[in-house]
Amino acid sequence: MKNEPLPQLHIPEPLHRPGDRPDFGYLNIPEPADTACPDPLVRPSEIRDLAFSLIRVLDADGIATGAWNPKLLPELLRRALAAILLTRAYDDRMYRGQRQGKTSFYMKCTGEEAIAVGQAFALSRDDMLFPTYRQQGLLIARDWSLVDMMCQVYSNSRDRLKGRQMPVFYSSKEAGFFSISGNLGTQFSQAVGWAMAAAYKHDNRIAAAWIGEGATAEPDFHHALTFASIFKAPVILNVVNNQWAISSFSGIAGAEQTTFAARALGFGIPALRVDGNDLLAVYAVTRWAADRARSNGGPTLIELFSYRADAHSSSDDPSKYRPKGEADIWPLGDPMLRLKQHLIRLGEWSEARHSVAEAEATERVRAADREAQSYGTLSDGPGHSPGTMFEDVFKEMPLHLRRQRQQAGY
Amino acid sequence: MAAMTMVQAINSALDICLTRDPDVVIFGEDVGYFGGVFRCTEGLQRKHGRTRTFDTPIAEGGILAVAVGMGAYGLRPVVEIQFADYIYPATDQLISEAARLRHRSGGEFSAPITVRTPCGGGIYGGQTHSQSPEAIFTHVCGIKTVMPSNPYDAKGLLISAIEDDDPVIFFEPKRLYNGPFDGHHNRPVTSWTNHPLGEVPAEYYRVELGKASTARQGSTVTVLAYGTMVHVALAAVEESGVDAEILDLRTLVPLDLDAIVESVRKTGRCVIVHEATLTGGFGAELAALVQEHCFYSLYAPILRVAGWDTPYPHALEWSYFPGPARVADALRQVMEAS
Ligand SMILES: Cc1ncc(C[n+]2csc(CCOP(=O)(O)OP(=O)(O)O)c2C)c(N)n1
């Protein structure tokens, strides 16, 4: 062999940068009828193709078809749509609050709402969730108090986390929502530990974890798959592939060579790749994985293919690294509009009802915000006393911390 | 009472905790069927079942991560990191997660994990089987740090650590597993059999975390030591003839500051001994505390005797190890300074 050309260092680069005309023509998007739905207890080796395909239920006209159609009742679909609308209204309001200086930071999940909402509906209320900062829809779909969430964002006197965590790093044991970490990926392998504990106790609750495609490069992702596979943990491992990790496109996390779902194949874990903007498909795959886990079938990895339609966070300006308008031409569309279209097609919804529902969501958020702000904001207080900082470091405060608290004047 | 090695004492503590509490689970590399490379978990799987003591893949970060998740569920995991030198892949899960979880969740979630790990040199382990990284963890708020020096304490402290609702790192000086070691590596190995602290009750008992013990009473110098260095200090006192009081700290966080202050105010001198490297070691913290609390009682500068600031060398480990001669020198020095 001639060994030519010489090796060249490959630095992945997205197809389009600011100033370019965005185009997703290169994406291969199958139709709902193209993917079969196996039995949840299938051997992973028999469904390897699902790691490279894209499971979909809603077609371009908003009709639910194909083997994965979960055949959900219109009532459930309307509740899911309401949760999406509420999540969006909540995000808009809190983002504006950040811009007005009422808090330091905010992160939206625009364009990804069908993931958290669809998965929350597909799981049991007492399944344990190990989310990232972009699954606020889980709390909202579980009917968690908006006021409680807002108090966390404002770090005010009713913040259950006592002003200790950055905005959106929610935690609620009662909601089955694990404390969000700032260290990317750590929750992924912890969820496996929780699931192992549940299996140890013959508990039929399962765990579900989320991670961004960018953070799959962290060792915790590898640990999660390794331990889940070896110990057959009842856990659903979700990779939210929203194409961007702050300013790095998915190629920097490995997407040029294979899919994120395919990462599971080497571990013998079944992998499903799903249209993350199709609430029905998201629901169906989650239900499939939950059934598998609850029947001692072990873990499933799900790649939820989506697009981060807004900035990474309130500190980010995506116009610096990607073309404007990509979200508008994203071929999998807007998850809210697709669900709305589907309901209208079913004759179970209308433009008029939608306008009313949108107004209701906005009003609910506004009322919650008024109440939350009455308990304080980061800018104007009141917050918790600085003396509380010394609590919860240990279960009981050791002498050196009591002395330091006294020294600090509390 | 029975004579036990430190390995047997640790094994007994683990056995008792598995028996008393169905939420205790033990896991780590080679700890299951085989019983651990130092044999501390020997027989536990056979006695208590496979789901209670089991082998994990070689992924320290994964071991700690699943322990955090199990803790959040309500279990009480006891994990073994095969050598303290291999704890670094787990530091993110330890420092950012286990140690912070209670605080960041407003007290709703916690990680009642015990991390057992053999530390220290003297077994020709070179730089990758000899380290004492306790100061990395004493610097982390939210974690307790323990290092016993004998079988009796090891058992009682380990039971307390496992029953504690906060994460605890439990360092086991591997050179002490099978006998007390005073640093005279050329002399015949002694066993725990005839040592008073090798007498260990078979039943349940606790040694409270955060309490030092007096390994030797004395009047002119206070030696602060823990782990193997307690025995080295005892030898150094014998050989130097200095009437030193030796405090075995046992727990570094929370620290028994009152015991330290009481002793140094009495003796007026202080020598700190640890096997870990000097700079930024726990001795620096101890020196600062003694200075803050006992300055007006001191007749001499506080001295530290520690491992050199180099990696632990394989063939030259006895030149590295802060043995009795170096400790004795420090004792004489503080006596001569005043
Ligand atoms: C261990 C760690 N490294 C880096 C960061 C900084 N950081 C925060 S979010 C982010 C991008 C994450 O992207 P991805 O995982 O794709 O999730 P997304 O934000 O797209 O939802 C980075 C690098 C961090 N929080 N933690």
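Letters A, B, ... mirror the listed sequences (proteins, then strands); counts begin at 1. As the structure is a computational prediction, the values presented were derived from the model and not from experiment.
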- prompt: Given that the side chain runs from C-beta out, which part of Gln93(B) has a heavy atom under 4.5 Å from chain A: side chain, backbone, both or neither?
  reply: side chain
- prompt: Checking heavy atoms, do the side chain of Asp256(B), its backbone, both or neither come under 4.5 Å from chain A?
  reply: neither
- request: Please name the residue in the list Leu146(A), Asn156(A), Leu161(A) that meets the side-chain contact (heavy atoms from CB on, under 4.5 Å) test with Cys151(A).
  value: Asn156(A)
field: Pick from Ala99(B), Ala72(B), Gly71(B) with the largest number of heavy-atom pairs that fall under 4.5 Å of chain A
entry: Ala72(B)
message: Do Tyr88(B) and Gln131(B) pair up side chain to side chain, a donor and an acceptor below 3.5 Å, judged on atom types alone?
response: yes
Within-4.5 Å side-chain heavy-atom neighbours: Phe130(A) and Phe177(A): no
message: Are Asp55(B) and Glu29(B) packed together at the side-chain level, in the sense that at least one heavy-atom pair is separated by less than 4.5 angstrom?
response: no
- request: Would you check if the side chain of Arg116(B) reaches a backbone N or O of Phe171(B) as a donor-acceptor pair within less than 3.5 Å?
  value: no
message: Donor-acceptor check, side chain of Ser160(B) to backbone of Gly156(B), threshold 3.5 angstrom: yes or no?
response: yes
message: I'd like to know if Arg104(B) and Asp392(A) make a salt bridge, using a cut-off of under 4.0 Å between side-chain N and carboxylate O.
response: no
- line: Result for ring-ring contact (aromatic ring centres under 6.0 Å, His included) between Phe54(B) and one of Tyr33(B), Phe27(B), Phe34(B) points to Phe27(B)
- line: Counting heavy-atom pairs under 4.5 Å with chain B, the top scorer among Ser181(A), Pro398(A), Ala191(A), Ala233(A) is Ser181(A)
- prompt: If you count heavy-atom pairs under 4.5 Å between each of Gly106(B), Gly142(B), Ser96(B) and chain A, which one has the most?
  reply: Gly142(B)
field: Short N-O contact, Arg76(B) and Asp165(B), less than 4.0 angstrom
entry: yes
- prompt: Which word best sums up how the rings of Tyr133(A) and Phe169(A) line up, parallel for under 30°, tilted for 30 to 60°, or perpendicular for over 60°?
  reply: parallel
Toward chain A: residues of residues 59-67 of chain B with heavy atoms under 4.5 Å: Ala59(B), Gly61(B), Gly62(B), Ile63(B), Ala65(B), Val66(B)
query: Taking it one step at a time, do Gln119(A) and Leu129(A) satisfy side-chain contact (heavy atoms from CB on, under 4.5 Å)?
result: CA-CA 10 Å; Gln119(A) 298 201 278; Leu129(A) 317 173; over 6 Å; no
query: chain B contacts: which residues in residues 202-227 of chain A have a non-hydrogen atom closer than 4.5 Å to it?
result: Asp203(A), Arg205(A), Asp220(A), His223(A), Thr226(A), Phe227(A)
field: Portion of Ser110(B) that has a non-hydrogen atom of chain A nearer than 4.5 angstrom
entry: neither
message: Around atom CZ of Arg46(B), are there more than 12 heavy atoms from other residues, nucleotides or ligands closer than 6.0 Å?
response: no
- request: Considering only heavy atoms and a distance below 4.5 Å, find which of Glu174(A), His400(A), Gln187(A), Gln190(A) pairs most often with chain B.
  value: Gln190(A)
Phe231(A) versus chain B, the contacting section by heavy-atom distance below 4.5 Å: side chain
message: One thing to verify: whether Arg102(B) and Glu108(B) come together as a salt bridge, which I'm taking to mean a side-chain N less than 4.0 angstrom from a carboxylate O.
response: no
message: Counting only non-hydrogen atoms closer than 4.5 Å, does Asp258(B) touch chain A with its backbone (N, CA, C, O), its side chain (CB onward), both, or neither?
response: side chain
- prompt: Between Arg294(A) and Asp127(A), is the closest basic N to carboxylate O distance under 4.0 Å?
  reply: yes
message: Closer than 3.5 angstrom, by distance alone: can the side chain of Arg142(A) be matched with the main-chain N or O of Ala120(A) as a donor-acceptor pair?
response: no
message: Quick check on Leu399(A) against chain B: is it the side chain, the backbone, both or neither that has a heavy atom closer than 4.5 Å?
response: side chain
query: For the candidates Glu391(A), Gln165(A), Lys173(A), Lys162(A), which exhibits the highest count of non-hydrogen atom pairs separated by less than 4.5 Å from chain B?
result: Lys173(A)
